[in-house]
Amino acid sequence: MVVFVQKGFYFKLLFLLILFLFLYLNPYNGSQFTSGHFFGTTKMIGDYQVIFAPYPSLPFAGDNSTLLNFSILDKENQNVNNIFVSLIIRNKSDGAIIQNIPFKFFEFSDITIPYTFKEIGDYQISLFVRINGDPRYSQTPISVDFDLSTTSPNQIIPTHELIAYYLLPGLSVVAIIAAYLKHKNKI
């Protein structure tokens, strides 16, 4: 009876651990649109931080799910409210403007701009931000540049995604099974 109870307990524990790993590490478990600050490349402009976090981090050419995520934060790491944002996307090799998005009002400074890169290559993303109520940046916008490369949609899975989404969960399951079998003196 005690062996049966222990076996049931270990199966429940194993099931809960696999469920947790699936829910926690599943790349499709939540919305791509978040309401918190983004974490990525950070540049300081005066008393402001501008953060750029594209999704996916290495966009595929022709993929219409690419999101250009930005956070504009003040010196206390808080959102800056009531901003106007413009975006220029340039081909980095020849400087040609690919896209010019005019100033648009955003109530909060965690913003997402969907964009589809048509070709594989290197790009410069120029963000311009006018901050309502700031004596310096209300008329003359903050200007910050970020570099971004796109790749072929036929490329294999990027290494960091391979490790995070496939290798670590797989190794965790193998370790759990090995621990269970060792506990049962089967190995």
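Predicted model, so just to flag it, every value in this text is computed and none were measured. Values below: all heavy atoms of this structure, side chains included; hydrogens, waters and symmetry mates excluded.
- In terms of modelled atom types and a separation under 3.5 Å, the side chain of K43 and the main chain of V144 share no donor-acceptor contact.
- Minimum heavy-atom separation, S152 to F60: O-CD2, 3.2 Å.
- The two residues G133 and S138 make their nearest non-hydrogen contact at N-CB, 4.3 Å.
- Scanning all heavy atoms of the two residues, the minimum distance from P54 to L148 falls at CG-CD1, 3.8 Å.
- Atoms CG and CD, from N132 and E107 in turn, are 11.5 Å apart once rounded to the nearest 0.5 Å.
- Within the 4.5 Å cutoff, side-chain heavy atoms of L87 are placed close to those of L68.
- The shortest side-chain heavy-atom distance between I101 and I88 does not fall under the 4.5 Å cut-off.
- Of the listed residues (I131, D47, N79, V80), just one forms a side-chain contact (heavy atoms from CB on, under 4.5 Å) with D74, and that residue is V80.
- Between F128 and P141, the shortest heavy-atom distance links the atoms CB-CB, 4.2 Å.
- When all heavy atoms of A61 and I120 are compared, the pair lying nearest together is CB-N, 3.6 Å.
- In this structure, the side chain of T150 engages the main chain of G121 through a donor-acceptor pair within 3.5 Å.
- Here the CZ atom belonging to R90 is positioned 4.5 Å from the OG atom belonging to S126, to the nearest 0.5 angstrom.
- For the pair F108/N81, a side-chain contact is recorded, criterion being any heavy-atom separation below 4.5 Å from C-beta on.
- Qualifying ring-ring contact (aromatic ring centres under 6.0 Å, His included) partners for F84, counting only residues two or more places apart in sequence or in other chains: F105.
- Side-chain contact between Y55 and T66: absent, with no pair of heavy atoms (C-beta onward) separated by less than 4.5 Å.
- For the residue pair Q49 and N77, a side-chain donor N or O sits within less than 3.5 Å of a side-chain acceptor on the partner.
- In the model, N69 has a side-chain atom that pairs as donor or acceptor with a side-chain atom of T112 under 3.5 Å.
- Residue Q99 holds its CD atom at 10.5 Å from CD1 of I125, rounded to the nearest 0.5 Å.
- With values rounded to the nearest 0.5 angstrom, D147 atom CG is found 9.5 Å from F52 atom CZ.
- Put simply, CG on L127 and CD1 on I72 are 5.5 Å apart, with the number rounded to the nearest 0.5 Å.
- Environment of NZ in K118: sparse, with no more than 12 heavy atoms of neighbouring residues, nucleotides or ligands closer than 6.0 Å.
- Classified by interplanar angle (parallel below 30°, tilted 30° to 60°, perpendicular above 60°), the ring pair F70/F146 is tilted.
- Looking only at side-chain heavy atoms (C-beta outward), R130 and F103 come within less than 4.5 Å of each other.
- Counting only N and O atoms by type, the side chains of Y115 and N64 include no donor and acceptor under 3.5 Å apart.
- In this structure, the separation between CD1 on I142 and OH on Y48 is 6.5 Å, given to the nearest 0.5 Å.
- Residues V173 and Y180 are members of one and the same hydrophobic cluster, defined by side-chain heavy-atom contacts under 4.5 angstrom among Ile, Leu, Val, Met, Phe, Trp and Tyr.
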